[in-house]
Amino acid sequence: MKGNEAMAEAAILAGCDAYFGYPITPQSEVLEYLAREMPKHNRIVMQAESEVASINMVYGAAGAGFRAMTSSSSPGISLMQEGISYIAGAELPCLIVNVNRAGPGLGTIQPGQGDYFQSVKGGGHGDYKMIVLAPASVQEMADFVYLGFDLADKYRNPVLMLSDGAIGQMMEKVQFKPYTRPAVDKSWATTGKPKTRNRNYITSLFIQPERMEQHNLKLEEKFKKIRENEVRFEEINTADAEYLFVAYGLSARICQKAMDIAREKGIKIGLLRPITLYPYPYKRLEELAAQVKMMLSVELNSGQMVEDVRLAVNGKVPVEFYGRMGGMMPTPEEIVHHLETLIQYHHAN
Amino acid sequence: MEDNTNKTAAVKERKVKGRVEIDIQKCKGCELCTTACKEHALALSETINIKGYRYIIANNDACTGCVNCALVCPDAVITVYRTHPKKKPVDITPENIREQLQTMISPSK
């Protein structure tokens with residue numbers, strides 16, 4: 001299955017009640033698939049008039065207690081930022097999928113990872129964070145839909161799945177794991193007021209600064225809890241590693257191959273792949289900084305995640321960067337060549 | 001002069017020939033088929049399809065009908081038709097359609 005289709009099928013299995021979207025390459029297959037399959041399960045699919053409309057429809061559906069989701073690619077996600085900020089402010093669970101393409105502007109439809117900052121640092125206005133999941137295979141595209149919905153419900157926070165054009169278009173084997181939906185209390189939802197309870201309000205507006213600050217503190221408390229409990233990452237060959245690749249998503253796939261080539265050449269290199277980009281595995285990187293001589297962050301952008309790696313390492317070891325932009329993908333050989341030059345350079349100095 | 005004529009002929013005579021049909025709207029231009037094609041008969045187009053991808057175009061003259069491209073295509077956009085020299089191509093026109101169909105059903109007559 002294509003990554004996009006696997007994700008769409010997983011959304012149906014995860015009990016997604018409503019999908020609102022707007023077609024954009026390389027993400028259109030999600031809308032195409034769901035428009036065909038969702039009505040069979042009596043669920044709602046709607047092609048909104050724009051990305052702005054679709055995220056606000058998600059806001060409404062999530063407020064009514066439904067599992068709502070939307071997906072888009074980079075320019076569309078930029079349009080959605082206002083709505084996402086409102087959803088985070090109103091503390092509503094929803095899943096947003098970004099099938100990243102190369103930018104800025106309309107850019108190209110080929111894969112990129114240039115939306116890293118936008119995804120993990122908030123993106124929209126105000127103090128908020130999203131839980132960001134980065135799949136590196138079609139299988140994970142499917143699995144993270146379950147995980148994303150569960151995390152969203154657990155923390156009442158929007159969850160972003162940061163995929164990219166290549167994984168979305170890639171055809172791979174995928175196995176849909178059996179899924180049981182955890183019971184979540186949604187007594188806050190606006191489902192019509194019975195006589196037995198007070199009105200439920202869904203809002204992100206707090207005019208009095210005192211109340212707004214209390215709300216901010218509450219959100220910060222939640223983000224702290226997320227940082228403590230939800231850090232996920234994958235390590236390959238780090239036990240004896242002298243050098244370390246740090247890469248997520250598609251670039252992690254390329255780095256795995258590069259790692260094999262480098263190991264054949266006798267370079268002891270490992271790979272750390274953050275699965276959650278927010279919360280970021282700062283702690284583990286700090287530990288690894290005591291072990292390795294150099295880290296190389298490989299991304300499909302001009303160097304975004306490398307800043308978080310440097311933050312974690314805090315100057316203990318050199319952190320280098322290699323990236324391609326504009327929808328071009330580096331070959332494993334290219335990365336190994338760059339790695340060798342860097343090792344030589346650091347050895348000489 | 002002889003050299004030039006050879007060049008215009010470009011592709012050597014083959015016994016088995018192929019013809020490739022591509023569903024250009026489904027193609028995402030991943031170029032797996034261009035590497036799979038031993039005859040370099042496939043290439044990316046200069047124009048784009050409805051989704052914005054450059055799609056694959058085929059040079060049917062160079063095609064041997066080996067079907068490598070269709071096998072490797074993840075989206076099944078390629079169909080290959082193979083012509084064999086021993087079988088005569090059937091030429092059906094509105095005038096001879098009855099006759100032709102009869103020969104196809106019972107060739108002995």
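Residue numbering restarts at 1 for every chain, and letters A, B, ... go by the order of the sequence lines.
Residue A:Pro23: no heavy atom, backbone or side chain, is found under 4.5 Å from chain B. Contact of B:Lys51 with chain A is made through backbone and side chain together, with heavy-atom distances under 4.5 Å. With a 4.5 Å cut-off on non-hydrogen atoms, A:Glu172 does not touch chain B at all.
The neighbour count for A:His337 NE2, taken as heavy atoms of other residues, nucleotides or ligands under 6.0 Å away, does not exceed 12. Annotation: B:Ile50, atom CD1; neighbour count of heavy atoms from other residues, nucleotides and ligands within 6.0 Å does not exceed 12. No more than 12 heavy atoms of other residues, nucleotides or ligands lie within 6.0 Å of CD1 in A:Ile44, so this atom counts as exposed by the packing criterion. Counting non-hydrogen atoms of other residues, nucleotides and ligands closer than 6.0 Å to NZ of A:Lys40 gives a total above 12. Heavy atoms from other residues, nucleotides or ligands lying under 6.0 Å from CG of B:Leu71 number more than 12.
Contact of the A:Glu29 side chain with the B:Lys28 side chain is not registered, since no non-hydrogen atoms from C-beta on lie closer than 4.5 Å.
A:Gln169 contributes atom CD, which lies 7.5 Å from atom CG of B:Asp75 (distance to the nearest 0.5 angstrom).
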